[in-house]
Amino acid sequence: MALLETLLLPPTLNALLTLVGGLLWRRHHLLGGLAVVLGLGGLLVLATPVASHALRQDLEPPALQASGDLHGAEAIVILGGGRDYDAPEFGWGDAPSNASWRRLAYGTYLHRQTDLPILVSGGRRHDEPSAEAGLMAAALEEVFEVPVRWYEGRSRTTAENARYSAELLDEEGIRRVALVSQAWHLPRARAAFERAGLEVVAAPTEFASAPPEGLAAWRPSAYHLHQSSRALHEWLGRAARRLKDRLPR
């Protein structure tokens with residue numbers, strides 16, 4: 001599955017289109033040229049603020065307007081968003097990625113507004129020595145000075161985040177949670193947690209910024225290519241889920 005995702009998403013897909021176009025050029029000028037234009041042109045378009053914003057905006061649920069929007073949630077679940085390897089500044093070895101820090105900061109904010117207990121969820125995607133949940137718990141307790149009630153360190157995917165978190169919470173009779181993740185990721189994560197039997201209040205963070213005015217909106221950058229790639233990953237995940245739901249069980 002990981003290999004298929006790599007082949008279907010930029011920049012690998014764009015590189016493959018450009019390569020195929022180059023190979024076809026000698027015998028099929030039109031087809032080869034079209035493939036090159038789609039590969040290189042598509043990469044440039046995806047790297048613009050306009051494309052990045054458009055792809056992310058339709059993924060994002062509305063923001064919570066106040067802590068009262070948590071509608072009876074009994075716990076806060078913060079999903080892991082990756083790790084930085086051998087990060088020296090904290091002395092932990094690995095450290096949460098920037099995406100994870102954003103989730104942890106918002107989870108802390110919600111905890112201080114509501115005093116709800118926190119569950120952190122994230123495992124070892126590549127058999128690392130420590131689970132991502134451990135890094136998140138260290139950040140919450142040592143940096144934000146917020147206690148962590150539950151620690152889910154077995155999961156490798158969003159579906160496993162949901163399943164294993166639901167198991168931990170079920171032991172305490174908790175059915176309704178505030179789920180914290182990036183806005184572009186939350187709809188798919190929410191669906192996974194609901195399939196695991198939990199009631200979910202979406203608590204999104206890091207919304208897509210509107211593109212600047214004028215020509216700056218079309219200026220390509222590596223940052224916006226990264227954001228477009230993340231959004232396409234989510235759209236691909238949605239499509240895969242819908243296909244799976246339609247297949248005979």
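Along the sequence shown, residues are numbered consecutively beginning with 1.
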Is [X] salt-bridged to [Y], going by a charged N under 4.0 Å from an acidic O?
X      : Y      : result
Glu234 : Arg238 : no
Asp127 : Arg156 : yes
Arg190 : Glu199 : no

Look up atom [atom1] in [X] and atom [atom2] in [Y], then write down how far apart they are to the nearest 0.5 Å.
X      : Y      : atom1 : atom2 : result
Ile78  : Asn161 : CD1   : CG    : 12.5 Å
His233 : Leu8   : NE2   : CG    : 11.0 Å
Phe144 : Met136 : CZ    : CE    : 10.5 Å
Leu232 : Leu13  : CG    : CG    : 9.5 Å
Ile76  : Arg103 : CD1   : CZ    : 15.0 Å
Trp184 : Ser228 : CH2   : OG    : 12.0 Å

Trace of the side-chain contact (heavy atoms from CB on, under 4.5 Å) decision for Arg112 with Val146: CA-CA 9 Å; Arg112 288 177 177 158; Val146 167; 3.9 Å; yes
Glu132: partners by side chain to side chain donor-acceptor pair (under 3.5 Å), with sequence neighbours left out: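 Checked Glu132 against side chain to side chain donor-acceptor pair (under 3.5 Å); zero matches.
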More than 12 heavy atoms from other groups under 6.0 Å of CG on Asn98: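 Count not over threshold, so no.
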Heavy-atom closest contact (Leu116 atom, Ala75 atom, distance):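 The answer is CD2-N, 4.2 Å.
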Test side-chain contact (heavy atoms from CB on, under 4.5 Å) applied to Leu64 and Tyr106, step by step: CA-CA 11 Å; Leu64 291 175; Tyr106 190 51; 3.6 Å; yes
Would you find a donor on one side and an acceptor on the other, under 3.5 Å apart, between the side chain of [X] and the backbone of [Y]?
X      : Y      : value
Glu145 : Glu142 : no
Ser155 : Glu160 : no
Ser121 : Ser165 : no
Glu152 : Arg154 : yes
Arg163 : Ala192 : no
Asp94  : Asp86  : yes

In the single-linkage hydrophobic clustering (I, L, V, M, F, W, Y; side-chain heavy atoms under 4.5 Å), do [X] and [Y] co-cluster?
X      : Y      : answer
Trp218 : Leu225 : no
Val143 : Tyr151 : no
Leu9   : Leu38  : no
Tyr164 : Leu135 : no

Side-chain atoms of residues 202-217: list all donor-acceptor pairs with protein atoms under 3.5 Å, sequence neighbours left out, distances to 0.1 Å.
from, atom 1, to, atom 2, distance (Å)
Thr205, OG1, Arg102, NE, 3.0
Glu206, OE1, Gln182, NE2, 2.6

Ring center gap for Phe90 and Trp101 short of 6.0 angstrom: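 Yes; Trp101 has its ring centre under 6.0 Å from that of Phe90.
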Contacts of type ring-ring contact (aromatic ring centres under 6.0 Å, His included), residue His126, not counting sequence neighbours: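 Result, ring-ring contact (aromatic ring centres under 6.0 Å, His included) vs His126: none returned.
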No-hydrogen, no-angle side-chain donor-acceptor test under 3.5 Å, Ser221 and His224: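 Distance-only check passes for Ser221 and His224.
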Polar side chain donor-acceptor pair, His185 to Thr158, under 3.5 angstrom: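 Looking only at side-chain atoms, Thr158 and His185 do form a donor-acceptor pair, the distance falling under 3.5 Å.
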Cluster companions of Leu186 among Ile, Leu, Val, Met, Phe, Trp, Tyr (side-chain spacing under 4.5 Å):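 Joined to Leu186, directly or through intermediates: Val77, Leu79, Leu119, Trp150, Leu168, Leu169, Ile174, Val177, Leu179, Phe193, Leu198, Val200.
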Sequence neighbours excluded - ring-ring contact (aromatic ring centres under 6.0 Å, His included) pairs with any residue from residues 8-28: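 Residue pairs with at least one partner in residues 8-28: Trp25-His29.
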Donor-acceptor list for residues 40-49 side chains, cut-off 3.5 Å, not counting sequence neighbours:
from, atom 1, to, atom 2, distance (Å)
Thr48, OG1, Val45, O, 2.6
Thr48, OG1, Ala51, N, 3.3

